[in-house]
Amino acid sequence: MMLPLNTELINIHAPYLVTKRANEVYYFKTDYGLLCTITFMDDFSIWESGAYQFVISNENQVASPLDNKLRDTIFCIIEAFFDINPEILLYICETGDGKQEYRSRLFIRWFNSYAGKNVFVLETAEVQEGDNKNFAALIVQRSNPRLIEIIGEFEETINILKSKPE
């Protein structure tokens with residue numbers, strides 16, 4: 001079971017004010033009017049326990065220019081997650097509007113420019129399902145004693161999904 005994040009600690013470093021909405025749901029509003037919701041959900045797709053799906057939602061569908069404060073706030077939330085939940089995060093890009101490839105590239109660019117990136121491993125994957133491409137990322141701390149096992153299980157699952165007959 002995921003331990004709730006401490007928004008007071010998040011807000012010490014986060015450029016945007018983060019508020020807890022409900023269990024495992026956190027939100028903030030950007031300077032550009034985007035209402036961003038961050039949700040953590042149990043994910044049993046690969047591991048029996050200890051994995052959470054990390055969802056970033058643009059609640060009010062406001063277009064936003066590149067916003068480093070948005071990126072920095074999201075990474076403050078990720079850091080807070082790992083501070084008390086040293087588990088596994090899976091980031092699955094939303095596919096509803098066909099912009100999942102853009103979201104994946106943006107998240108990878110954010111991660112690569114993130115000051116604390118050396119603390120984490122980011123493994124990305126792309127799986128074609130019919131006409132739809134799905135993008136996912138595994139985020140795990142380098143200090144996780146099961147790191148190699150976790151990455152191997154993620155890669156094995158992705159390879160199985162890629163080899164699934166159409």
Side-chain angles (χ1 to χ4, degrees), residues 1-125 134-144 146-147 150 154:
M1 176 176 208
M2 183 181 139
L3 296 172
L5 309 185
N6 184 332
T7 55
E8 287 181 26
L9 288 177
I10 292 170
N11 287 321
I12 290 172
H13 300 287
Y16 291 125
L17 179 67
V18 176
T19 307
K20 185 174 181 181
R21 179 180 282 169
N23 288 343
E24 292 91 32
V25 179
Y26 302 84
Y27 69 99
F28 57 93
K29 188 173 184 178
T30 71
D31 293 337
Y32 303 98
L34 182 146
L35 180 58
C36 187
T37 302
I38 306 295
T39 307
F40 297 90
M41 301 178 297
D42 287 315
D43 188 298
F44 305 107
S45 60
I46 302 174
W47 300 276
E48 290 182 20
S49 65
Y52 299 90
Q53 195 173 125
F54 173 67
V55 180
I56 304 170
S57 300
N58 178 342
E59 289 293 312
N60 54 354
Q61 304 302 310
V62 170
S64 177
L66 292 180
D67 181 356
N68 289 338
K69 289 168 66 175
L70 171 64
R71 175 203 62 205
D72 294 346
T73 302
I74 289 171
F75 280 103
C76 283
I77 293 169
I78 290 172
E79 287 173 359
F81 169 85
F82 280 110
D83 281 346
I84 57 174
N85 298 285
E87 307 288 344
I88 302 163
L89 278 183
L90 292 169
Y91 172 59
I92 312 294
C93 296
E94 178 189 347
T95 60
D97 58 3
K99 295 181 181 178
Q100 60 270 26
E101 188 168 1
Y102 168 76
R103 285 184 186 93
S104 177
R105 283 195 320 261
L106 177 62
F107 190 80
I108 292 167
R109 186 169 60 237
W110 280 355
F111 184 84
N112 288 333
S113 67
Y114 162 56
K117 71 180 179 185
N118 294 331
V119 174
F120 302 101
V121 171
L122 177 74
E123 290 286 324
T124 60
N134 294 305
F135 295 85
L138 167 73
I139 307 167
V140 65
Q141 290 176 305
R142 287 190 188 280
S143 62
N144 190 311
R146 294 180 44 234
L147 178 65
I150 290 167
F154 177 75

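Quick note: numbers below take in every heavy atom, side chains included, and nothing from hydrogens, waters or symmetry partners.
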* Straight-line distance of Ile78 CD1 to Leu89 CG, nearest 0.5 Å -> 6.5 Å
* Asked: For Lys69, does the NZ atom have more than 12 heavy-atom neighbours from other residues, nucleotides or ligands under 6.0 Å away?
  -> yes
* Is it true that a side-chain atom of Arg142 and a backbone atom of Asn118 form a donor plus acceptor pair closer than 3.5 Å? -> yes
* Where is the tightest heavy-atom contact between Asn60 and Leu35, given as atom of each residue plus distance? -> OD1-N, 3.0 Å
* **More than 12 heavy atoms from other groups under 6.0 Å of CD on Gln61** => yes
* Where Phe154 and Ala137 come nearest, the two heavy atoms and their spacing -> CZ-C, 4.3 Å
* Asked: Where does the angle between the aromatic ring planes of Phe40 and Phe81 fall among parallel (under 30°), tilted (30 to 60°) and perpendicular (over 60°)?
  -> parallel
* Asked: Nearest 0.5 Å, what's the CD1-OG distance between Ile92 and Ser45?
  -> 6.5 Å
* Asked: For Val121 and Ile139, what are the C-alpha separation, side-chain angles and deciding distance, and is it a side-chain contact (heavy atoms from CB on, under 4.5 Å)?
  -> CA-CA 6 Å; Val121 171; Ile139 307 167; over 6 Å; no
Expected list for residues 46-55: side-chain donor-acceptor pairs under 3.5 angstrom, two or more places apart:
unit_1, atom_1, unit_2, atom_2, d
Trp47, NE1, Glu153, OE1, 2.3
Tyr52, OH, Met2, N, 3.0
Gln53, NE2, Asp43, OD2, 3.1

* With sequence neighbours excluded, give me every side chain to side chain donor-acceptor pair (under 3.5 Å) pair touching residues 70-81. => Asn68-Arg71, Arg71-Ser113, Glu79-Tyr114
* Structure fact -> In this structure, CD1 of Ile12 is separated from CG of Asn6 (nearest 0.5 Å) by 8.0 Å
* To do: Would you name the heavy atoms of Tyr16 and Asn11 that are closest together and state the gap between them?
  => O-OD1, 3.6 Å
* To do: Could you walk me through whether Thr19 and Phe28 pass side-chain contact (heavy atoms from CB on, under 4.5 Å), step by step?
  => CA-CA 6 Å; Thr19 307; Phe28 57 93; over 6 Å; no
* **Output field: ring centroids Phe82/Phe120 closer than 6.0 Å** => yes
* Asked: Atom OH of Tyr27 and atom OG1 of Thr39: how far apart are they, to the nearest 0.5 Å?
  -> 12.5 Å
